[in-house]
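Only this structure's heavy atoms are used, side chains among them; waters, hydrogens and symmetry mates stay out.
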Amino acid sequence: MFKSGVGFLALFGLGWWLLATSAFDGVLRLVEVVIGCAVAVGLMLTARRLLPASAGGPFPGDRRRRFLQINALQWLLIVVIAQVCARTGAPVLIPPLVALVVGLHFLPLSAVFEQPRLRVPAALLCAAGATGTAVWLAGGPDRTVRLVVGLVSALSLWGTAIWTVSRAATAAGHVVRE
């Protein structure tokens with residue numbers, strides 16, 4: 001499963017990072033994009049190198065079905081959010097509401113994967129969504145909403161990826177230096 005989900009966490013973290021960097025212009029944005037790409041690639045390469053070949057292997061049919069159901073619902077809700085926000089003239093609310101949906105999707109996934117630690121990114125992504133919404137309600141600029149939601153979401157997913165690699169690598173007998 002893309003080495004215990006680290007690949008997904010790294011790539012979706014990059015997506016959130018790119019949202020955060022959209023708050024900047026020029027050379028600063030370019031530098032931030034390069035940094036984000038380097039982090040994502042570094043996480044994937046580290047997972048490939050340190051995690052055992054069996055990490056993230058196929059799971060039983062019932063778990064796979066539940067995983068697919070959870071993700072299908074998540075993507076359906078994201079499409080609905082994007083459509084409703086765009087049609088009501090509030091596209092700035094798309095990132096905070098998507099962060100909330102993504103955060104909530106980690107709760108049933110924690111049961112599917114038997115990984116209670118996935119409740120941490122669930123809480124952090126929900127907090128990112130709530131904070132972004134609060135910034136918008138307080139009259140903050142759209143770019144600040146994107147920065148807050150994107151940054152917290154990216155760091156949450158990347159932090160979870162690091163945590164996953166560290167735990168799995170340690171369990172496999174690799175030394176992980178902090």
Side-chain angles (χ1 to χ4, degrees), residues 5-44 67 69-113 115-167 178:
V6 171
F8 293 112
L9 294 167
L11 290 176
F12 283 108
L14 176 59
W16 286 110
W17 182 263
L18 295 175
L19 173 72
T21 65
S22 72
F24 304 107
D25 295 316
V27 175
L28 179 58
R29 178 150 195 229
L30 179 61
V31 168
E32 296 297 328
V33 167
V34 169
I35 289 170
C37 290
V39 169
V41 169
L43 284 168
M44 289 186 286
F67 169 78
Q69 290 169 341
I70 293 164
N71 279 294
L73 178 59
Q74 171 194 232
W75 286 107
L76 175 66
L77 290 172
I78 289 171
V79 168
V80 169
I81 286 167
Q83 289 296 314
V84 169
C85 289
R87 290 182 184 186
T88 60
V92 67
L93 289 177
I94 295 171
L97 295 176
V98 168
L100 181 62
V101 168
V102 173
L104 290 173
H105 111 288
F106 275 107
L107 294 175
L109 286 183
S110 71
V112 169
F113 293 126
Q115 294 291 327
R117 66 188 174 79
L118 290 178
R119 294 178 188 146
V120 174
L124 293 171
L125 284 157
C126 288
T131 303
T133 303
V135 168
W136 177 74
L137 288 171
D142 292 5
R143 69 186 320 153
T144 303
V145 173
R146 293 191 315 270
L147 176 63
V148 168
V149 173
L151 185 62
V152 173
S153 298
L155 295 177
S156 299
L157 295 179
W158 286 343
T160 303
I162 292 167
W163 189 8
T164 301
V165 169
S166 296
R167 289 190 69 214
E178 298 184 35

* Do side-chain atoms of R29 reach the backbone of T21 as a donor and acceptor pair under 3.5 angstrom? -> yes
* Asked: Would you find a donor on one side and an acceptor on the other, under 3.5 Å apart, between the side chain of S166 and the backbone of W163?
  -> no
* Nearest 0.5 Å please: distance from the CD1 atom of I78 over to the CG atom of L97. => 10.5 Å
* Would you indicate whether the side-chain heavy atoms of L104 and C126 approach each other to under 4.5 Å? => yes
* Asked: Which heavy-atom pair separates L118 from F106 by the least distance, and what is that distance?
  -> O-CB, 3.6 Å
* The single option from I81, V148, V135, T133 passing side-chain contact (heavy atoms from CB on, under 4.5 Å) against P96 -> T133
* Which atom names give the shortest non-hydrogen contact between L151 and A20, and what distance separates them? -> N-CB, 3.5 Å
* Asked: Under the 3.5 angstrom rule, does the side chain of T131 hit a backbone N or O of A127 as a donor-acceptor pair?
  -> yes
* Asked: Between Q115 and R167, is any pair of side-chain heavy atoms under 4.5 Å apart?
  -> yes
* Taking atom types as modelled, find out whether T160 and R117 have a side-chain donor-acceptor pair closer than 3.5 angstrom. => no
* Taking the side chain from R146 and the backbone from S22, do they hold a donor-acceptor pair closer than 3.5 Å? -> yes
* Pairwise side-chain contact, P141 with V145, heavy-atom cut-off 4.5 Å (strictly under) -> no
* Asked: Is the closest side-chain heavy-atom distance between M44 and L11 below 4.5 Å?
  -> yes
* Show your working on side-chain contact (heavy atoms from CB on, under 4.5 Å) between E32 and L28 and close with a plain yes or no. => CA-CA 6 Å; E32 296 297 328; L28 179 58; 3.8 Å; yes
* Asked: Less than 6.0 Å separating the ring centroids of W158 and W17?
  -> yes
* **S110 side chain to L107 backbone, donor-acceptor under 3.5 Å** => yes
* L30 CG to D25 CG distance, which is reported to the nearest 0.5 Å -> 12.0 Å
* Asked: For the residue pair L147 and A23, what are the closest heavy atoms and their distance?
  -> CB-CB, 3.9 Å
* Asked: So, for A154 and G13, which heavy atoms are closest and what is the spacing to 0.1 Å?
  -> CB-O, 3.3 Å
* Asked: If you take all heavy atoms of V149 and A128, which pair is closest and at what distance?
  -> CG2-O, 3.5 Å
* When rounded to the nearest 0.5 angstrom, what is the spacing between CG in L100 and CG in L93? -> 11.5 Å
* Reported CG-to-CZ distance for the pair L124 and R119, which is rounded to 0.5 angstrom -> 14.0 Å
* Structure fact -> Test side-chain contact (heavy atoms from CB on, under 4.5 Å), reference L9, set L157, L43, L14, output is L157
* Asked: Can you name the closest pair of heavy atoms from I94 and C85 and give their distance?
  -> CG1-CB, 3.5 Å
* To do: With side-chain contact (heavy atoms from CB on, under 4.5 Å) as the test, would you mind laying out the steps for W16 and V98 before giving the verdict?
  => CA-CA 11 Å; W16 286 110; V98 168; 3.9 Å; yes
